[in-house]
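Remarks on the structure that follows.
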Amino acid sequence: MDQKSKGTGYGAYDPLYPNGIMTAGKDGDLFRIRFLAAGKEEGLILDHKDFDFRTVGIGRMEPEQLYEFSWKAFGTTVKLTWCRLGKDCLFGQVDLQDGVSVLAELYVPREWRLQKEWVNFTRQTESCFTGELISPYHENGNPAFLFMANQAPRSCAGYNDRAKQLQDFKAAWMFRNVNQHDIWNDMGLSRMMGIQFEKSFSFLIKNGRAEDFLRLPDSGQQKLLLEQGKASLFRMLQAHSESALTGNGTMKEIGQVFSAMPAYNAIYKENTGRRYIMVDRPWARKEDGWGIQFNWDTFLSSWASSWTYPELAKENMLSGYDVQLPDGKIPLYSSPGAAGRSEPPITAGRSQHIVQGLTLWKTYLHTGDKEWAGKCYEGAKKANAWWFADRGDGQPRRDARKWGMLGFGYDPEAEMGILGASLQPYVAKAQYAYFETYDDSPQWTSGKYFVSVAGMEDLTEEKLIDESRYVCRYHMADIYTLERCCLYAVDCESLSHMARALGREEEAAYYEKKRMDMAEQINARMWCEEDGCYYNLKFDGTFSKRQSPDCFMPLMTGCVPKERKERLLQLLKDENKFWGEYMIPSIAKDDPAFPQQHYWRGQIWPPQTLWTYLALKRAGEEELAWELACKAAGMLSKEWNRNGYCPENYSGITGECSGAYHYNWGMLMGLPLLEELIEFREDKVIFGNVMAPDGTELKNIPVDGQLYDLVINGGMTEVYRGNILLAKEKGTVVLDR
């Protein structure tokens with residue numbers, strides 16, 4: 001969806017305020033409302049810096065259509081629910097309890113940088129409020145916004161100084177005119193509007209042109225509109241419960257996660273008119289308010305979201321290529337501004353894990369959209385080429401020794417500038433290089449520099465105490481890594497599939513050869529016969545023998561000899577190292593770093609769990625793949641059911657939530673089990689799994705614009721569309737697309 005060419009969009013698009021709504025008009029016209037909880041006894045207002053995301057309750061959601069959300073405030077629960085009524089209108093309600101006020105604050109989210117237009121919020125009637133974007137540059141009149149409530153508020157005021165207004169509110173416990181008296185303020189020009197409610201209320205939001213709101217509905221019409229909206233909200237909530245991805249047992253929670261998380265974390269990009277799925281809302285609190293777009297998080301989110309919202313998945317992936325640099329690199333992350341930040345808005349000196357081809361192919365299998373896939377394919381080709389491209393002096397960017405393999409690094413001049421890079425401490429360059437991969441993993445660093453390098457400015461390359469060292473002349477750490485080499489091979493294979501689907505046979509053959517070349521190097525250089533394990537390879541030709549899930553990633557290439565595979569599986573199934581109730585730890589359990597349980601030093605991460613699952617599937621280890629998929633899904637299901645969390649990572653010891661609470665790639669823990677039950681191919685969809693227990697159900701699976709149900713009983717797989725049984729077979733059911 002390109003919002004600039006379509007109608008009004010609705011969503012909680014501002015990452016700082018999930019307790020709010022933003023409208024995005026087709027011309028880039030933005031209006032916003034946030035619902036702030038205020039406690040009179042405490043004398044506090046919960047703004048974005050005070051918001052406790054641990055108390056968030058994410059309910060039934062659909063992108064731009066439905067939003068059910070609650071949060072804790074002063075020992076009570078506040079709930080916001082809304083639904084879309086038409087192309088430019090929505091209805092919502094806010095439920096609150098005694099002792100808490102809700103302040104509905106109207107504003108334009110970019111008002112602080114408006115140049116050719118300005119905004120004025122006004123009170124039109126006792127319960128109707130409008131906002132208008134004013135500019136002589138508007139060709140078709142001014143865009144406007146209407147907020148209509150079912151009751152008169154206790155107090156309201158327009159204002160221009162937000163900090164002063166909220167401070168006065170806490171003193172008087174009502175909105176008063178605190179604007180400084182001058183000719184403009186006295187005439188009523190207000191950049192914001194605050195509206196105070198002390199009991200539950202419902203509301204209607206409508207977008208249009210200013211002329212549309214000169215004559216507003218009378219009280220009887222308003223009452224009817226709000227009653228109709230309430231009935232629509234009830235119907236949509238009920239319809240969502242009947243049509244959203246769901247199932248029984250673990251699949252019920254997995255369905256809820258995949259239905260809710262993409263909508264919850266969807267953010268609007270004003271410069272492109274597209275949405276993207278951010279990592280997690282609290283990440284934006286120290287930033288400029290518009291969220292951070294990470295490299296592999298973005299692309300992995302498209303694959304996961306394609307299971308429930310294919311259109312959002314496609315839009316999100318295009319947003320990933322919006323930030324692609326001219327040289328083809330996908331930067332580690334980007335942010336639209338730099339307010340209060342010590343890093344550049346685009347980390348142009350670092351990339352991240354190579355997932356563009358894989359996620360494109362997997363998302364394409366769900367959508368079947370070749371026009372969209374063709375656009376993404378061009379970006380994925382450039383990203384693939386960047387890793388081995390000449391950096392300008394004859395050296396490939398991430399292949400310092402020209403061995404045809406890949407490692408990680410950091411190009412300081414791209415971020416610090418030529419002068420700044422010459423003065424940047426060596427230890428900072430080393431840490432930034434680690435950020436291109438698994439941050440503080442013991443596979444390459446002691447982790448001493450993960451938080452701060454203060455006091456270590458004089459540390460040199462020779463004195464660095466790490467598993468591998470950043471080499472300034474190479475702009476690389478002196479190690480070739482399994483995760484980078486194996487993901488590159490998978491990237492090439494995926495691009496080969498995509499090229500063939502687009503009718504580009506020569507390019508398909510080209511990428512297939514690149515896959516085989518990389519697999520050959522992995523097998524020839526990274527296998528340790530003595531240990532029966534693949535390892536990261538140092539530039540001096542020796543192995544780094546820290547064992548992690550990366551050791552099993554060569555299985556993803558499909559080119560591991562059988563005898564090696566058996567030895568790898570023996571290592572994987574060792575419960576003193578990797579296998580067990582909670583999988584899969586980011587470093588072996590018998591590694592000295594495992595007890596630290598810090599980031600990649602023992603914690604369980606969804607991407608690594610996904611890599612291991614893909615490795616087992618490619619190796620033909622169906623039973624192990626099924627077991628891993630079930631255990632991973634069980635961990636996610638437990639956290640969602642108990643706390644409403646979709647964790648960034650998990651403790652490798654207790655299996656409990658760690659890191660951020662509502663992280664986009666938390667969905668990846670449930671992805672393998674979905675993949676086990678439904679296999680998407682270009683020309684067919686395969687339903688069922690012979691290892692699934694009787695009674696397994698997965699309902700409302702979106703396939704080519706229609707919803708299907710899967711039921712497994714007595715070894716028989718049944719597939720329904722609506723209430724119609726389409727097929728019933730022993731084992732699996734194959735339906736042509």
Side-chain angles (χ1 to χ4, degrees), residues 438 441-444 467 479-487 489-490 518-538 542-595 600-635 650 652-653 655 669 672-673 675-676 689-691:
Y438 303 133
S441 174
Q443 295 182 84
W444 28 81
E467 187 75 11
I479 191 169
Y480 288 107
T481 63
L482 287 163
E483 57 87 11
R484 201 121 311 188
C485 293
C486 295
L487 285 177
V490 172
M518 178 60 80
E520 183 179 344
Q521 292 299 323
I522 294 169
N523 279 324
R525 294 179 180 268
M526 306 182 89
W527 174 255
C528 175
E529 181 64 26
E530 180 183 2
D531 294 358
C533 185
Y534 287 94
Y535 288 124
N536 297 321
L537 181 66
K538 296 182 180 181
T542 62
F543 293 124
S544 171
K545 292 194 173 185
R546 306 299 283 264
Q547 293 179 337
S548 78
D550 298 354
C551 298
F552 313 111
M553 291 181 71
L555 294 170
M556 295 171 66
T557 69
C559 298
V560 172
K562 182 178 179 181
E563 61 276 10
R564 291 185 181 182
K565 183 188 82 168
E566 296 305 321
R567 297 183 71 183
L568 284 176
L569 294 178
Q570 184 178 0
L571 177 65
L572 175 61
K573 292 186 290 184
D574 187 342
E575 295 194 2
N576 293 317
K577 289 183 175 290
F578 295 103
W579 210 253
E581 185 177 358
Y582 308 123
M583 295 188 290
I584 186 169
S586 51
I587 200 71
K589 298 175 189 177
D590 59 356
D591 189 286
F594 178 80
W600 301 92
R601 310 176 76 80
Q603 291 180 314
I604 295 170
W605 289 78
Q608 282 188 325
T609 301
L610 180 62
W611 306 154
T612 307
Y613 166 75
L614 293 175
L616 290 171
K617 289 294 287 186
R618 190 59 187 273
E621 294 298 318
E622 298 295 339
E623 292 185 5
L624 290 177
W626 173 262
E627 183 178 349
L628 177 59
C630 290
K631 288 184 174 179
M635 292 173 65
Y650 298 79
I653 297 173
M669 293 295 276
L673 189 52
E675 296 275 329
E676 283 292 282
N689 189 308
V690 294
M691 286 173 286

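Counting from 1, the numbers follow the sequence of the chain as shown.
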Note to self: Is any side-chain heavy atom of L614 closer than 4.5 Å to one of V490?
What the structure shows: no

Next item on the list: Starting at CD of Q547, measure out to CG of N536 and round the result to the nearest 0.5 Å.
Entry: 11.5 Å

Notebook entry, point to check: Tell me, which pairs form a ring-ring contact (aromatic ring centres under 6.0 Å, His included) where one or both residues lie in residues 543-578, sequence neighbours left out?
Noted result: Y535-F543, F552-F578

Check: For K617, which residues count as a salt bridge (charged side-chain N to carboxylate O under 4.0 Å, His left out) partner, sequence neighbours excluded?
Finding: E622, E676

Checklist line | Test log, rule side-chain contact (heavy atoms from CB on, under 4.5 Å), inputs I587 and R546 | finding: CA-CA 8 Å; I587 200 71; R546 306 299 283 264; 4.3 Å; yes

Checklist line | Selection residues 569-586 - residue pairs positive for salt bridge (charged side-chain N to carboxylate O under 4.0 Å, His left out), sequence neighbours left out | finding: K577-D590

Notebook entry, point to check: Excluding sequence neighbours, so at least two apart, what forms side-chain contact (heavy atoms from CB on, under 4.5 Å) with K565?
Noted result: L555, V560, L569, A619, E621

Next item on the list: Drop me the distance from M526's CE to C533's SG, to the nearest 0.5 angstrom.
Entry: 10.5 Å

Notebook entry, point to check: What residues form a side-chain contact (heavy atoms from CB on, under 4.5 Å) with Y582, not counting sequence neighbours?
Noted result: I604, M635

Checklist line | Under the salt bridge (charged side-chain N to carboxylate O under 4.0 Å, His left out) test, residues paired with E623 that sit two or more places apart | finding: none

Note to self: So which atom in C528 and which in K545 form the shortest heavy-atom distance, rounded to 0.1 Å?
What the structure shows: SG-NZ, 3.9 Å

Checklist line | By side chain to side chain donor-acceptor pair (under 3.5 Å) - contacts of R564 (at least two apart) | finding: N523, Y534

Margin query: Which heavy atom of E467 sits nearest to which heavy atom of P442, and what is that distance?
Written below: CB-O, 3.9 Å

Next item on the list: Looking only at non-hydrogen atoms, find the nearest pair between D550 and P554 and report the distance.
Entry: O-CD, 3.6 Å

Item checked: Approximate separation, where rounding is to 0.5 Å, of L628 CG and L673 CG -> 10.5 Å

Note to self: Is any side-chain heavy atom of W527 closer than 4.5 Å to one of L568?
What the structure shows: yes

Check: Should the heavy atoms of other residues, nucleotides or ligands under 6.0 Å from CD of E566 be counted, would the total exceed 12?
Finding: yes

Next item on the list: Verify, without hydrogens or angle tests, whether K589 (side chain) and G602 (backbone) share a donor-acceptor contact under 3.5 angstrom.
Entry: no

Next item on the list: Would you give the length of the straight line joining atom OG1 of T481 to atom CG of L537, rounded to the nearest 0.5 angstrom?
Entry: 10.5 Å

Notebook entry, point to check: Which atom names give the shortest non-hydrogen contact between P549 and P585, and what distance separates them?
Noted result: CG-O, 3.1 Å

Notebook entry, point to check: In chain order, what residues pass the side-chain contact (heavy atoms from CB on, under 4.5 Å) check against S441, with sequence neighbours excluded?
Noted result: Y438, Q443, W444, W600

Notebook entry, point to check: Is any side-chain heavy atom of W605 closer than 4.5 Å to a side-chain heavy atom of I584?
Noted result: no

Margin query: The test is side-chain contact (heavy atoms from CB on, under 4.5 Å); show your working for M583 and T609 and say whether it passes.
Written below: CA-CA 7 Å; M583 295 188 290; T609 301; 5.8 Å; no

Next item on the list: Could you check R567 against E529 for side-chain contact (heavy atoms from CB on, under 4.5 Å), going step by step and ending with a plain yes or no?
Entry: CA-CA 10 Å; R567 297 183 71 183; E529 181 64 26; 2.9 Å; yes

Next item on the list: Return the minimal non-hydrogen interatomic distance between T557 and A489, and the atom names on each side.
Entry: CG2-CB, 3.8 Å

Next item on the list: Go through the structure and list residues passing salt bridge (charged side-chain N to carboxylate O under 4.0 Å, His left out) with R601, not counting sequence neighbours.
Entry: none

Note to self: If the condition is side-chain contact (heavy atoms from CB on, under 4.5 Å), which residues does R618 pass it with, not counting sequence neighbours?
What the structure shows: E493, R515

Next item on the list: Tell me, with the steps shown, if C485 and Q521 meet side-chain contact (heavy atoms from CB on, under 4.5 Å).
Entry: CA-CA 9 Å; C485 293; Q521 292 299 323; over 6 Å; no

Next item on the list: Considering non-hydrogen atoms only, spot the tightest contact between I522 and C486 and give its length.
Entry: CD1-SG, 3.9 Å

Margin query: Run the salt bridge (charged side-chain N to carboxylate O under 4.0 Å, His left out) test against E627 and tell me which residues pass, sequence neighbours left out.
Written below: K631

